[in-house]
Protein chains: 2
Amino acid sequence: MACVTKEAIGRMTRLIGDADKAQCKVNKLRSITAKLNEKDIDAEAEIFKAMADPYRLKILMLLREGELCVCEIMIAIDRPQSTTSYQLSILRDAGLIRERKDGRWSRYRLSEGAVIEMLNLVKLMKDNQNGGGDSG
Amino acid sequence: MACVTKEAIGRMTRLIGDADKAQCKVNKLRSITAKLNEKDIDAEAEIFKAMADPYRLKILMLLREGELCVCEIMIAIDRPQSTTSYQLSILRDAGLIRERKDGRWSRYRLSEGAVIEMLNLVKLMKDNQNGGGDSG
DNA sequence: TTTATATATCAAAATAGTTTGATATGCATG
DNA sequence: CATGCATATCAAACTATTTTGATATATAAA
């Protein structure tokens, strides 16, 4: 951390043109990131990681329609049981879905409305990138 | 795909208790996922992947404050230049940030407001999970 | 209580993503 | 055009995630 500071100030001085202001800017940048709580950021990254897979996105989209058990989900995404279980465990551990035991079945559902908002938002972003195309 | 269908209908029949209805349900589940466009889902997963890393989240949070060049970002996140460049390329390729060349500097900024909405939404989700804690 | 079923977990192979020093590229200046 | 600097790209080591058959666990039915 400390070992790059000198070079950092040099770079910043060339960028800004004034050594004192550069020192100031370096301090400011460092203080902004210092304020960002590591644990919070890791927790947020964990949520994005859980959504960062096509099968898992499919599962979330399916669960918008209502609660489903593992055997239904494995049919829908067309993967083996162990794979389906694995993907569900990632979503569950990230807090995106909830499990309910029902006899020998495990039924899964979305844990909160924000998951749907997230899916809507990412669709919007994708559509904006492609120039406003439409899709299911 | 076809080779699991028979077993799928068996499972579904046990779940529902009626072979015809089971066949129907299997078809319905398959048709829901069939409607989900693979390319769209992959594109959306790509966006989530880009956000699924603590350093990249930090960068996005920094860029909420305005445009920054690579040398400023590497100071803020305290990583070597090559690492910083790599992370920026992931964000750029996913369409989350935009690059602007300015002499020998490359300046980066958020590409759209939806990125900020995404950051707000994930913070909400994380806070809900922890029982409403607060953070920077 | 034996058997079948649904799901979770394990373990090992396969695949994918990250880090970073070294090097290339491109701009600006002397 | 030689030099210095900012950034991008490369390549190899490293780390993490995913896949899936096999196996364990738990529930229900025979």
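Letters go in sequence order (proteins before strands), and every chain restarts at 1. These values consider heavy atoms only, across backbone and side chains, with no hydrogens, waters or symmetry-generated copies.
- The nearest whole Å value for the distance from the CG atom in B:D53 to the C1' atom in C:dT19 is 11 Å.
- Note on A:S106: only backbone sugar-phosphate atoms sit closer than 4.0 angstrom, heavy atoms only; bases stay farther off.
- Going from atom CZ of A:R104 over to atom C1' of D:dA26 covers 11 Å, rounded to whole Å.
- Backbone-only contact: B:R56 has heavy atoms under 4.0 Å from sugar-phosphate atoms and none from a base.
- The side chain of A:S85 places an N or O atom within less than 4.0 Å of a non-bridging phosphate oxygen (OP1 or OP2) of C:dA8.
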- Item | Candidate pair A:K126 and B:E46, rule salt bridge (Lys or Arg N to Asp or Glu O under 4.0 Å), full reasoning | CA-CA 10 Å; A:K126 182 213 56 174; B:E46 211 57 38; over 6 Å; no

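- Spacing between atom CD1 of B:I75 and atom C1' of D:dA6 amounts to 12 Å, rounded to whole angstrom units.
- Using a 4.5 Å cut-off on side-chain heavy atoms (C-beta onward), B:M118 and A:M118 make contact.
- If you measure from atom CD of A:Q81 to atom P of C:dA8, you get 7 Å, rounded to the nearest angstrom.
- Counting only heavy atoms from C-beta outward, the side chains of A:T83 and A:I77 never approach each other to under 4.5 Å.
- When the C1' atom of D:dT18 is taken as reference, atom CD1 of A:I77 falls 12 Å away, rounded to whole Å.
- Remark on DNA chain C: of its neighbouring residues A:W105 and A:T83, the 5'-side contact belongs to A:W105, judged by nearest-heavy-atom nucleotide.
- Neither OP1 nor OP2 of C:dT19 sits under 4.0 Å from any side-chain N or O of B:R79.
- For the pair A:S82 and A:G10, both in contact range of DNA chain D, the more 5′-proximal nearest nucleotide belongs to A:G10.
- A sub-4.0 Å separation between OP1 or OP2 of D:dA6 and a side-chain N or O of A:R14 is present.
- The phosphate of D:dT27 has neither OP1 nor OP2 within less than 4.0 Å of any side-chain N or O from A:K101.
- Of the side-chain N and O atoms in B:R11, none sit less than 4.0 angstrom from OP1 or OP2 of C:dT5.
- Looking only at distances, no side-chain donor or acceptor of A:T13 sits under 3.5 Å from a matching main-chain atom of A:A22.
- Residue contacts for B:E99: at a heavy-atom cut-off of 4.0 Å it reaches the sugar-phosphate backbone alone, with no base atom in range.
- Judged by distance alone, the side chain of B:R107 and the main-chain N or O of B:E67 form no donor-acceptor pair under 3.5 Å.
- At whole-Å resolution of the value, OH in A:Y55 and C1' in D:dT17 are 14 Å apart.
- OP1 or OP2 of D:dA6 has not a single side-chain nitrogen or oxygen of B:Y108 nearer than 4.0 Å.
- As rounded to whole Å, 11 Å separates atom P of C:dT7 from atom CG of A:L68.
- Between B:Q87 and B:G103, the residue anchored nearer the 5' end of DNA chain C, judged by the nucleotide with its closest heavy atom, is B:Q87.
- Taking the side chain as every heavy atom from C-beta outward, B:I47 and A:Q129 approach each other to under 4.5 Å.
- Residue whose closest nucleotide on DNA chain D sits further toward the 5' end, between B:M74 and A:Y86: B:M74.
- Atom-to-atom, CD1 of A:I90 to P of C:dA8 comes out at 13 Å; the value is rounded to the nearest Å.
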